Amino acid sequence: MRRPLRHRQVSSHHKKKKKHDLLDALPDDVVVSILSKLTSTASSPCDLINVLSTCKRLNRLGLNRVVLSKAGPKLFAIKAKNWSESAHRFLRNCVNAGNLHASYTLGMIRFYCLENRESGLSLMAKAAMKSHAPALYSLAVIQFNGSGGTKGDKDLRAGVALCARASLLGHIDALRELGHCLQDGYGVRQNVAEGRKLLVQANARELAFVLRAVARSSSSASLLTWRNTLSNHSSSAASVSSAVCPLLSDYGYSVAVPEVQPANWFLREWFESGRGRLGNGLRLCAHIGCGRPETRPHEFRRCSVCGKVNYCSRGCQALDWKLRHKMECSPAEIWPLEEDGGGAVVVGGGGGDGVGNDVDVRNGVV
Amino acid sequence: MSGISDTERMITLKTVEGTLFDVKSSIAKDLKTVQAFIDDSDDDVTSPIPLPNVFTRELSRILDYLNNHHRFRSGIEKADEEMARYDAEFAKSMSHEELKALILAANYLNVKDLLEFLNQTVADVIQNKSVEFVRNFFGIENDYTPEEEEKLRNENEWAFNGVEQD
């Protein structure tokens, strides 16, 4: 060590030496462990990207297969307007590392936004086979609608089977969808009682989920202020509506709607920002938490009352009804029923009730 | 547990500053490095085991953590909640400097559970922070050239949409 010329120089040399201390002293496996935990609880992509930008060693370790495979879904909450080859590459790397959330997200993006149906399906199937609930549900929606193909490609039974698997894994939307299918005898033998049970169960789970979220955000215990706290924590997946929705009117609770998932948020942003162009006459699912586009004309169901909004699934229709459509839906003038051939002529309000009464369908369970 | 069994034996540990700690051998088992030393010397450890890289402050914290966790685990069912509360307090009670020092000590002593917990704590600290913050925390020198940094920034532009500053 050089003889100190100035006191200041010594202390800055000392400081420089000390600066290396922690990272240098930690072996790779400890750093990998820290980074894996970071990605698994990441709230946005920049959590990891910032770390990658610090130095070469962290860059290398941050892109380690283990770290990428452990990443949680929010790491892939990319903004649609930022979509680029590099973003695509990052997702691909994560898919190759075996991350199911990445497979699902990229699958959705490729299927709906980039219109690469085959690849999108295979990526979603990859996640679904490893029991990724959102992937199973998305595949179910595709089966119900025959998305990417003709209306003859609809496979209702397959859709129900996929929904059943997803709901066993606790996916609330799938549970709701399954409930509606049972009530209406859609793709499965009609069993109204069973269907209703499932709908009630879905709502109960939703409530449990909300209560857990409230308990976690220790700043407030009140359900009414929950929404504000949550939207402070989540940067990319924003809370949905500003109005409180009577989602659980059964239980006398008014709870805010849960977070929109990253993949759905991407889809919605992609089409609404004009980054992706919707084909001629094709529409988006009107439910704000969905974002799915039609892949052929008249693919989605329409509200039978006003005819102004379209939904990819019963679940979306039911949720949107509660969220906001109930407030704005009003009977339209007579319009030609140009539905997608046979079968599912639109149901209004999520039930068999074609008239837009302010009815909470089937005793308030939707 | 019957009377004076193997697990009740006391091991003495000596830190850098020379402080002596008496530790039950059941706790010492969690300090894998120490355990390896004991195994190597054929269980014949009467004199204090020197730990040249571990300071008193860290060792006392580690032993505190282990003692409490042993107590929670051997206790009644309700321990989970208490354990979580203890863990949260433990994490909060340390400054970043102390946290870093503790990781190094836990790593040296090879205390698996504590290390997992500390790693999670660090992950929580650096979550959603800027590049500079992470650099400062780990004491990293930026070894990128300006061109490389530019290239990296362009590569990763897609990820940014307004980062929270520390």
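Labels below follow one simple rule: chain letters A, B, ... track the order of the sequence lines, proteins then strands, and each chain is numbered from 1. Bear in mind that the values here come from a model prediction, so they are computed numbers and not experimental data.
For B:D143, the parts sitting under 4.5 Å from any heavy atom of chain A are the backbone and the side chain alike. Within the 4.5 angstrom heavy-atom criterion, only side-chain atoms of A:L58, from C-beta onward, approach chain B. In this structure, chain A has heavy atoms under 4.5 Å from both the backbone and the side chain of B:E116.
Each of B:I103, B:V122, B:N119 was compared with A:L26 under the side-chain contact (heavy atoms from CB on, under 4.5 Å) criterion, and only B:I103 meets it.
The closest side-chain heavy-atom distance from B:F138 to A:V31 is not below 4.5 Å. Contact annotation: the side chain of A:T41 approaches that of B:Q127 to within less than 4.5 Å [non-hydrogen atoms, C-beta and beyond]. For the pair B:W158 and A:I49, the minimum side-chain heavy-atom distance is below 4.5 Å.
Note: B:L152 leads B:L152, B:N154, B:N142 in heavy-atom pairs under 4.5 Å with chain A.
The main-chain N or O of B:V134 is never found under 3.5 Å from a side-chain atom of A:N50 such that the two would form a donor-acceptor pair. Put simply, the side chain of B:R135 gets close to the backbone of A:S53: a donor and an acceptor are under 3.5 Å apart. In terms of modelled atom types and a separation under 3.5 Å, the side chain of A:D47 and the main chain of B:N128 share a donor-acceptor contact.
Closest approach of B:Y144 and A:C55 over heavy atoms only: OH-O, 3.5 Å. Closest approach of A:A25 to B:N107, counting heavy atoms only: O-ND2, 4.2 Å.
Between atom CD1 of residue B:I126 and atom CG of residue A:L38 there is a gap of 5.0 Å, rounded to the nearest 0.5 Å. Note that the OG atom of A:S33 and the CG atom of B:L115 stand 6.5 Å from one another [nearest 0.5 Å]. The distance from atom CD of B:E141 to atom NZ of A:K56, rounded to the nearest 0.5 Å, is 13.0 Å.
Annotation: B:K100, atom NZ; neighbour count of heavy atoms from other residues, nucleotides and ligands within 6.0 Å is above 12.
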Could you list the donor-acceptor pairs under 3.5 angstrom formed by side chains in residues 50-59 of chain B, with sequence neighbours left out?
residue, atom, partner, partner atom, Å
B:T56, OG1, B:T15, OG1, 3.0
B:T56, OG1, B:E17, OE1, 2.7
B:T56, OG1, B:T19, OG1, 2.9

